[in-house]
Structure formats: C-alpha cells, structure tokens
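Below is one structure, written out as structure tokens; comments come after it.
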Amino acid sequence: MSESIAERTDDIVDEFDMFEDWMDKYDHIISLGKELPLIDEQYKVEDNLIKGCQSRVWLHADYDGEKVQFTADSDAIITKGIIALMIRALSDQTPQAIVDADLSFVDQIGLKEHLSPTRANGLVSMIKQMKFYALAFQSKQA
Amino acid sequence: MSESIAERTDDIVDEFDMFEDWMDKYDHIISLGKELPLIDEQYKVEDNLIKGCQSRVWLHADYDGEKVQFTADSDAIITKGIIALMIRALSDQTPQAIVDADLSFVDQIGLKEHLSPTRANGLVSMIKQMKFYALAFQSKQA
Amino acid sequence: MSNTSTSPFDIEAIRSQFPVLEREVNGRKLVYMDNGATTHKPKAMTNAITSYYETINSNVHRGVHHLSQRATDAFELTREKLRAHINAEHSYEVIFTKGTTDSINTVAWSFGELVKPGDEIIISTLEHHSNIVPWQMLCERKGATLKVIPMDDHGVLDMEAFKALLNEKTVLVAFNHISNALGTINPVKEMTALAHEVDAAVVIDGAQSMPHLNVDVRDLDVDFYAISAHKMYGPTGIGALYGKEEWLNKLPPYQGGGEMIDTVTFEKTTYAGLPHKFEAGTPHIEGVIAWAASIDWLNELGMENISAYEQELLEYGTEALLSVEGLKIHGTAPNKSALFSFNIDGLHHYDIGTLLDQLGIAVRTGHHCTQPLMNRMEVPGTIRASMGLYNTKEEIDTLVAGLNRVIPMLK
Amino acid sequence: MSNTSTSPFDIEAIRSQFPVLEREVNGRKLVYMDNGATTHKPKAMTNAITSYYETINSNVHRGVHHLSQRATDAFELTREKLRAHINAEHSYEVIFTKGTTDSINTVAWSFGELVKPGDEIIISTLEHHSNIVPWQMLCERKGATLKVIPMDDHGVLDMEAFKALLNEKTVLVAFNHISNALGTINPVKEMTALAHEVDAAVVIDGAQSMPHLNVDVRDLDVDFYAISAHKMYGPTGIGALYGKEEWLNKLPPYQGGGEMIDTVTFEKTTYAGLPHKFEAGTPHIEGVIAWAASIDWLNELGMENISAYEQELLEYGTEALLSVEGLKIHGTAPNKSALFSFNIDGLHHYDIGTLLDQLGIAVRTGHHCTQPLMNRMEVPGTIRASMGLYNTKEEIDTLVAGLNRVIPMLK
Ligand SMILES: Cc1ncc(COP(=O)(O)O)c(C=O)c1O
Ligand SMILES: Cc1ncc(COP(=O)(O)O)c(C=O)c1O
C-alpha cells in the first residue's frame with residue numbers, strides 16, 4: 001500500500017473493468033467488504049458515525065505525523081465494500097495527497113451512477129469525511 | 001303580474017328563444033335591468049345585501065298578508081337584469097307559491113350555463129334569498 | 001361509493017393502463033413493489049392532466065370568463081367525487097391540501113389553537129413520522145402531553161391499554177387506518193367510538209388505506225381523515241382533509257391568503273365559509289382535476305374487488321416469502337393489507353434492497369418514516385414490498401427468486 | 001441566469017407551443033389576458049409531466065431503487081435550475097412549497113416564532129391578500145403591530161413614508177416585487193437596503209415578477225423571495241421559497257412529518273438540515289420536475305427578451321386603451337409591467353368582463369385579492385388585462401374593439 005493514490009485508483013478501475021455485469025461487480029464489492037480489517041471496537045462510537053447513509057458507517061483516522069491510516073466499519077456489507085475501496089485508495093498517504101486526491105475513479109467504475117442518491121450521498125459524505133480528517137491533520141501540522 | 005309562476009316563466013323562456021346569439025340575450029337582460037323599478041333607498045343596506053355575487057345585490061321583500069312583493073337593485077346592470085327576471089317570475093305571489101316554485105327556466109334560457117360559477121353562485125344566492133323570505137313570511141303566518 | 005362493479009379483475013388489462021410497468025430497469029423488466037411510497041398512474045389520469053392544460057387551464061373561483069368557469073366546475077366536481085368516494089355528508093367537508101402530511105399539520109395547527117396545558121393527545125406506536133411530529137410540535141407549543149398506544153409483537157394495537165389511556169383530559173386521538181410499515185389494519189370504528197366516549201376528536205391518517213379499502217367516513221364516524229392522492233393512483237402534490245362540518249367551523253383557519261377570506265381591511269379580516277376558509281392561495285388545480293380520473297378509475301374497478309384481489313396477493317406472498325430461509329416477516333396482524341415487511345437473518349436490509357434493485361425489483365428499505373416503531377421492534381429497518389392493484393403472483397415469484405439469488409451472495 | 005439568448009422574439013413560434021391558445025370560446029378565438037391569475041403552459045412542460053409519470057414516477061430521497069434514484073436526481077436538478085435562475089448562492093436555499101401563499105405562510109409562521117410583543121412588521125398598500133393576512137395572523141398571535149406603506153395616485157409607494165415607518169422595532173418588511181392589481185414594479189433593492197439599515201428581514205412576494213423579470217436575489221439582497229410556478233408557465237400546486245441560509249437555519253420548521261426529520265423518538269425529535277427541514281411530506285414531485293421544463297424554456301427565450309417584448313405591449317396597449325372613451329387606467333407608475341387595470345366611466349367592471357367573455361376575451365374583474373388597495377383607490381374593483389409573453393398587439397386591438405362594442409350596450 002505505498003503507490004500513489006492515482007496508481008491505486010487506476011488499479012481499481014482495471015479491476016472493475018473485468019466484470020461483465022453489475023451483479024459481478026457487487027459480488028466483488030461484497031468480498032472486499034468481507035475482507036476489510038476490523039475496526040477497533042473503541043472507535044465504533046457516535047462521534048465517528050457518518051451522516052447521510054441508510055446504513056451506519058464508522059470511520060476512524062490515525063496520523064503518525066507523516067501518513068494517515070483509515071479504519072472503518074459498516075453494518076451493511078455493500079457499504080463496507082465501498083469503504084474498503086475508499087480506504088484502499090486513500091489510506092497510508094500523506095494528508096496533502098488525500099486532500100488533493102482526484103476521486104473520479106468512483107465515476108469511472110460506475111459506482112456513482114449505480115448508487116441511488118441516498119447511497120451516493122453516503123459515498124459523498126464518506127469522501128468528505130476522509131478529506132476532512134486529512135485537512136485537520138494537515139492544519140495541526142502547520 | 002298575476003299569472004302563475006309557471007305561466008310567467010314559460011313566457012320568459014319563449015322570449016329568450018327569439019334571440020339568436022348570446023350578445024342579443026345580454027342586450028335583452030341589460031334592457032330589463034335598466035327598466036327595473038328603483039328600490040326604496042332605505043332598503044339598500046348591508047342587511048339586504050346578498051353574498052356570493054361579484055357585484056352587489058340588494059333585495060327587499062314586502063308582505064301584505066297575502067302576497068310577497070320583491071324589490072331589488074345592483075351596481076352591475078347585467079346582475080340587475082337577472083334580478084329583474086327573477087322578480088318578474090316570483091314577485092306578487094303567495095309565499096307558498098314562491099317556496100314551491102320550479103325555477104328550471106333559469107337552465108332553460110341558458111343562464112346557468114352561460115354564467116360563471118361566481119355569477120351562477122350569485123344567482124343561486126338570489127334564489128335562495130327569495131325563497132328564504134317567502135318561507136319566513138309563511139311561518140309568520142302560521 | 002359507487003363501488004358496485006363486479007367485473008372480473010383482468011390484471012393484464014389493468015397493467016396495460018400503466019406504461020411505466022413496461023419499462024426495464026438494469027436490463028430486467030421492472031417489478032415495482034414500492035406502492036406504499038407512491039403508486040403508478042393509469043393513463044386516464046395523465047391524459048386528464050394534459051387535457052386540463054390544453055383546454056381549460058385557468059385559475060378557479062374568482063374569474064368571470066369561460067375558462068375559469070370550466071376549470072372551477074371541474075375542480076368542484078372532484079370535491080364532489082371525493083365526497084361520494086368516502087361517503088362524507090357535504091362536499092365542503094372535503095378540504096384540498098398538499099397531501100396527508102399537510103392535512104395532519106392543518107389539523108394539528110388549527111385544533112392546537114383550542115388545546116390547553118395539561119390536555120392529552122394519544123397516538124399509536126404504529127405511526128408514520130407525519131402523524132407523530134406535528135403532534136409533538138403541538139404538545140410543545142401548548143404544554144399538552146403525548147401518550148402512545150402500545151402494540152403486541154404481531155403489530156396489533158393493545159385495546160386495553162388504549163382504553164386505559166383515555167380519560168377526561170384526552171382531547172384528541174390520532175392513528176393510521178393502515179400502518180405503512182407493517183400493514184396492520186386498525187379497528188378505526190371501534191377505536192373512534194371509544195375516543196368519542198371521552199369526547200376526544202379522532203384524526204385518521206388514511207394515507208395507506210385509500211388505495212386498498214372502501215372508506216366510509218360516516219360509518220367510521222371519524223372527525224378528520226387525511227388522504228394523499230399520489231398513494232391512490234392520483235397525481236403528486238395533492239391530497240385532502242376530510243373534517244366534520246362542526247369541527248371545521250369551530251377551528252380557526254391555518255394559512256392566510258387569497259380564496260380564504262371574506263373581506264380584508266388592514267384593520268380587520270373576516271374569513272370565508274367552508275371549504276374556502278382552509279384553502280388559501282391558488283390550489284393545485286391540475287392535480288385536483290386529474291385526481292377525479294383516478295377516483296373514477298378505481299370505482300370502475302370497484303374498491304371491494306381491489307381489496308379482494310390484494311388479499312389474494314397477501315396470502316400467496318406470505319406463504320411464498322416464508323419459504324425463504326432465514327426470512328422473518330414483521331407485522332403479522334390477522335387484519336392486514338398486502339404489504340410484506342421483512343428481514344433476512346444476519347443480513348442488512350440495505351444490502352438486500354440494493355441487490356434486488358440490480359434485478360429490477362423495486363422495494364423500499366429502511367425505517368419507512370417510522371423510527372419509533374423500528375425501535376419497538378428492535379430492528380434498524382426492514383425490507384418492504386408493498387403491493388398495488390397491478391402486482392401479480394408472478395411478480396411475487398420473481399421477488400422470492402431474487403431473494404434466493406442475492407442472499408447467498410451476502411452470506 | 002443563463003439569459004443570454006438574443007434570438008428574435010418569434011411570437012408565432014411561441015404561440016404554437018400553447019395548444020390552448022388555438023381554442024375557441026363562445027364561437028370566437030380565445031384572447032387570453034388573465035395571465036396575472038395564471039399563465040398557460042408550453043408543450044415542453046406538459047410533455048415533461050407525462051414523461052415523468054411514464055418513465056420514472058417514484059417517491060424521492062428515501063429509496064434505494066433505480067426509479068427513486070432517477071426521480072430524486074430530476075427533482076434535485078430543478079432545485080439547482082431554480083437556484084441558478086434566481087442566482088441564489090446555494091441550492092438548499094430553495095425550498096419547495098405549494099406556491100407563493102404557502103411560501104409566505106411558511107415565513108410568517110416560522111419567523112413569527114421569533115417575534116415579540118411590540119415588534120413591528122411593515123407591508124405596503126399594494127399587497128395581495130396572501131401578503132397581508134398571514135402577517136395579520138402573526139401580529140395577532142404575537143402581539144406585534146402591522147404598519148402599511150402608503151402610495152400615491154399612480155400606485156407608487158411613498159419612499160419618504162417608508163423611511164419614516166422604519167425604526168428599531170421593525171423586525172420584518174414584506175411587499176411585492178410587482179403589484180398584481182396595478183403592475184407597479186417596486187424598487188426592491190433600494191427598499192431592502194433601507195430595511196436592512198434597521199436590521200429588518202425582507203420578504204418579497206415574487207408571484208408577479210418571476211414571469212416578467214430577470215430576478216437576482218443576491219443582487220437584490222432580499223432575505224426571502226416567494227414564487228408560484230403556475231404564474232411563470234409552470235405547473236399548478238408548486239412554488240418555492242428562497243431564503244438566505246442564515247435565516248433558514250435560524251427559523252424553526254413549519255410543518256412536521258416525513259423528510260424533515262433527522263431522528264424521531266416519542267420523547268425527542270431532531271430536524272434535518274436544509275432544505276429538508278422545511279419540506280415535510282412527499283413533495284409535488286411531478287410539479288417540481290416539470291417546472292424545470294418551464295424554466296429551461298423561459299431561459300431559451302431569455303428573460304430580458306421577454307421583458308423587452310412585454311414592455312412593447314405595455315406601451316402599445318396603454319395608448320390603445322386610452323383611445324377608448326371614458327376609460328381610466330388604474331396604476332400609472334413609470335416602472336410598470338404589461339398589465340392594464342382599468343374602469344369605464346359609469347360602468348361596472350363585472351358587466352364589462354361578462355360581455356368581453358362573450359367575445360372570447362378573458363380578462364379578470366373584481367378586487368384581484370387586493371381589497372385594501374381597492375379601498376385606497378375608492379373603486380369596488382377593476383377590469384384587469386394582464387399580458388403574457390404570447391400576447392400580441394393584434395390581441396390588444398381585439399380587446400379595444402371589444403370594449404368599443406360592449407360599452408354602448410351598457411350605456
Ligand atoms: C402579488 C401576488 N401575491 C400572491 C399571490 C398568491 O399566489 P398563489 O395563489 O399562487 O399562492 C398572487 C396571485 O394570486 C399575486 O398576484
Ligand atoms: C401511514 C402514512 N402516513 C403519512 C404519510 C405521509 O404522506 P405524504 O408523504 O403523502 O404526505 C405516509 C406516506 O409516506 C404514510 O404511509
């Protein structure tokens with residue numbers, strides 16, 4: 001997990017290109033969700049809940065002074081798969097890189113299109129929250 | 001003015017049958033309005049105002065123990081013509097005759113159809129008010 | 001209530017009236033089972049809209065010209081049709097509103113003006129937020145207390161508890177005719193009689209009953225009945241509040257504006273009579289007029305026939321769904337509409353809904369605007385497949401097959 | 001505000017978009033001059049309605065399925081289009097309502113919760129009942145005082161008197177952008193700046209301006225702006241309330257129900273963010289989505305082009321009408337929309353309107369829901385011919401000829 005965000009998201013796009021139909025894409029997302037490392041239980045608190053999702057999403061960020069590590073969980077497996085994707089793209093990167101990240105891969109793999117606004121808004125909230133953490137770490141640093 | 005209400009309204013229907021188009025019918029209504037005897041000024045008061053007309057209508061009724069005499073006025077000449085028609089049909093009749101009167105001539109001469117609801121409601125209010133007076137006189141008598 | 005039709009229920013002919021049912025979603029034929037949220041519209045209704053705009057569009061009530069007259073006649077005809085449909089006594093007891101939520105807010109505001117501190121208002125555990133929040137806002141504004149009728153695990157209201165809540169402080173009782181989350185059909189007539197014993201007014205949320213049942217407000221003897229057109233095959237943005245004449249006369253107006261006044265001066269304004277007193281502003285003329293087409297169309301089918309057909313779907317669907325492993329149905333009242341609210345053991349409703357959508361099956365997932373009810377059932381939400389009169393047993397089979405396909409993906 | 005079109009104003013092409021204009025009334029071609037009451041609709045709008053119902057009809061915001069997503073996208077797109085059209089900063093500052101009356105009642109109720117006894121609210125002599133009665137109701141409820149800006153005989157508001165009314169007790173100023181009875185265009189920007197000097201909030205009744213002017217709420221700096229779709233070539237039953245974010249955040253919600261909540265328990269309810277906080281219940285989805293078609297269509301024509309064309313009609317019509325013997329125009333402000341409010345010496349407005357209708361000419365007669373204004377002008381009512389963008393000079397000629405025909409009948 002040390003390539004640039006752009007490299008990682010290109011990989012994700014390639015990966016999703018392999019699937020013929022959406023059921024297969026979802027199958028993949030679900031397996032990513034199942035593989036997502038468990039978040040430390042102490043972080044599954046109200047404060048880490050992301051608004052705007054039909055399912056509940058907890059997102060936690062750690063910063064070692066150089067890179068940000070995200071961990072997350074959700075009660076819905078598809079949502080969890082989507083966070084897994086976002087973590088794969090953004091975790092273990094510098095705050096600056098996260099803030100600047102181009103996340104058009106979300107559109108490219110068709111996620112935005114295929115998610116209803118309720119869900120898409122959840123995704124938007126997720127991205128917002130991740131960038132918000134990065135921004136906070138960045139300003140602490142400055 | 002002593003035929004029965006039915007005879008009078010038959011006359012009115014015949015009269016209106018002569019006109020080819022609605023402009024002529026209105027011309028006739030207007031001239032009836034102009035000919036309507038003036039109401040005694042003392043009766044042009046709030047209490048005699050009929051609700052539900054775009055124009056204002058004052059209606060007064062006198063009862064000599066046998067027959068009811070209606071007088072009326074309006075600030076709009078077409079409305080006045082229509083009241084003139086109603087008075088021609090209903091005035092100088094017994095309360096019982098007025099209460100029982102069949103007023104389908106209004107439909108027959110096309111008035112109801114050609115009057116907008118605002119106006120038609122005014123007409124409905126007018127008829128209601130005339131029958132209401134008759135009813136009041138009748139019960140006083142009883 | 002001209003529900004005298006006895007024609008057989010020709011489902012193909014019915015479906016052909018709904019162009020949207022022909023469409024594909026994600027490459028599959030749409031299976032629409034979100035009728036509790038909103039129903040689709042028969043062509044007669046959409047044709048009525050176009051015809052209104054292309055022939056008589058005009059503002060109503062105040063115009064002396066021909067179009068205004070025609071529009072007003074058509075507008076008032078709907079009021080009369082709706083009156084007949086719910087068997088109200090007078091057409092002026094039918095007030096046009098934006099929908100059920102607006103209707104309930106209208107009562108909550110206007111009735112609220114008569115409420116005193118310490119008064120009690122009773123609602124039920126089964127309520128939609130639209131029949132909770134307005135009463136909470138009223139109680140807060142007036143210092144009244146909100147009481148809640150509990151229910152059993154089948155989703156049936158506890159009548160003994162209801163009786164125990166009723167007392168001389170009770171001024172109003174509000175509950176739905178049919179629960180949108182569980183399908184429970186509440187005993188409106190019986191509960192209304194109980195409420196009337198303590199002189200409480202009764203407000204019924206009829207959002208979910210109008211599409212399924214023959215509603216007779218005089219037989220039920222309710223004081224207010226709230227309706228949404230869009231849930232009964234009518235247009236969006238329009239609904240009605242039925243109110244008994246004596247109540248409507250007693251209540252102060254809700255909104256101020258055009259139509260609802262008698263005379264206005266800067267010093268003093270007097271209000272118009274019913275129904276205008278409660279209809280401020282230009283109404284949704286198109287919606288009102290087109291709604292009549294839906295009502296006519298429902299009556300041609302016959303509300304009894306619709307109920308009977310949907311009960312068949314309920315029976316068939318309940319059995320079919322229970323064949324799915326790990327499926328639990330929420331809401332198993334003996335008197336129930338054709339609505340299936342369920343969860344799959346260990347799986348999240350949202351995952352199921354998302355995958356069913358990929359198969360073209362439209363269900364609703366979540367709390368269905370009944371969060372307190374979800375809390376009572378200790379679930380974060382359910383999957384809800386709510387039937388309309390155009391749904392079929394084949395579609396239920398498709399739903400069951402869909403579930404059997406997606407559940408293994410999630411396990 | 002994509003009003004950059006400079007295409008010539010092709011009136012025949014425009015008229016061909018309005019099927020109703022082809023119809024006959026009482027054997028004559030309809031001449032529709034009641035646009036102040038409601039406008040007709042371009043085909044693009046009615047087509048959008050049919051297309052909505054036949055392809056994506058669904059409830060919005062809460063669904064995970066495809067139709068609900070499509071409907072929500074289209075619904076929110078209108079919000080964004082309307083935002084751009086009035087140049088609001090954020091789309092969530094656009095709240096969907098039933099129309100202008102509903103918008104004003106929403107502010108009057110919610111703002112009213114912040115009003116204290118002794119506070120002053122200023123309106124103007126030119127107001128429609130919808131912008132009078134809600135403030136009267138609020139003043140009565142909260143013990144505030146209503147003040148009225150007087151006007152001169154041309155129908156122009158008295159700015160010196162307005163300044164004199166403003167003081168530190170003034171909490172809110174409400175007036176229309178264009179008077180529906182006289183056509184006066186009020187100096188909104190200037191009056192808003194004055195009101196803001198005493199920190200009063202400014203509510204503009206934009207019912208009559210939206211169809212005629214390019215409205216820029218940020219340039220005007222108003223706090224609230226109320227809109228009806230049906231008066232701007234859009235569907236009935238829908239409108240909007242623009243409100244500055246800071247105000248909308250400060251105000252408590254108006255109606256309670258679905259959509260407008262964050263969490264609900266029987267003990268405590270928390271409200272959703274903007275715009276949902278003010279949008280309880282299922283919205284008028286069809287109306288919102290179809291409204292976008294009207295807005296696009298207006299922007300293709302270009303609001304500036306529309307204003308310019310209508311000003312031509314105003315000039316032409318004023319001269320033509322003044323040629324009619326005994327005709328007096330009410331409302332002769334230098335800054336005026338294409339609206340003719342008039343009376344004929346010694347004749348009743350109702351008689352004129354009735355006979356013009358026989359000639360297929362639709363005008364409005366009466367007090368136009370502005371009784372205090374009629375009292376100020378000492379007339380029981382007027383005849384009002386209000387132009388839309390599809391009216392022509394030939395139609396004005398027809399009106400004048402009609403007047404010259406009916407007046408002698410009544411003398
Ligand atoms: C100036 C003005 N304000 C308010 C209104 C009320 O608008 P609506 O009836 O669409 O709510 C109107 C229209 O009747 C109007 O002309
Ligand atoms: C039981 C119930 N009550 C009230 C409502 C609110 O209806 P509307 O959104 O049409 O105002 C709904 C629908 O969402 C409902 O199902």
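So you know, we letter chains A, B, ... as the sequences are listed, proteins then strands, and number each from 1.
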Would you compute the distance between atom [atom1] of [X] and atom [atom2] of [Y] and round it to the nearest 0.5 angstrom?
X        : Y        : atom1 : atom2 : answer
C:Asp351 : A:Ile78  : CG    : CD1   : 4.5 Å
A:Arg56  : C:His348 : CZ    : NE2   : 7.5 Å
C:Met409 : A:Tyr26  : CE    : OH    : 9.5 Å
A:Ile29  : C:Thr354 : CD1   : OG1   : 10.0 Å

Does [X], at its [atom1] atom, have more than 12 non-hydrogen atoms belonging to other residues, nucleotides or ligands within less than 6.0 Å?
X        : atom1 : value
A:Gln42  : CD    : yes
C:Asp345 : CG    : no
A:Phe132 : CZ    : no
A:Lys128 : NZ    : no
C:Asp153 : CG    : no

### Message
If you apply the rule side-chain contact (heavy atoms from CB on, under 4.5 Å), what do you find for C:Val406 with A:Met23, and how did you get there?
### Response
CA-CA 9 Å; C:Val406 306; A:Met23 276 320 243; 3.8 Å; yes
### Task
Take C:Asn26 and A:Trp22 through the side-chain contact (heavy atoms from CB on, under 4.5 Å) test and state the conclusion after the steps.
CA-CA 9 Å; C:Asn26 297 323; A:Trp22 264 93; over 6 Å; no
### Atom group of C:Ile352 that falls short of 4.5 Å from chain A, counting heavy atoms
neither
### Query
Heavy-atom distance under 4.5 Å to chain A: side chain of C:His349, backbone, both or neither?
side chain
#### Entry: Interchain contact, A:Ile30 with chain C, by part (heavy-atom threshold 4.5 Å)
side chain
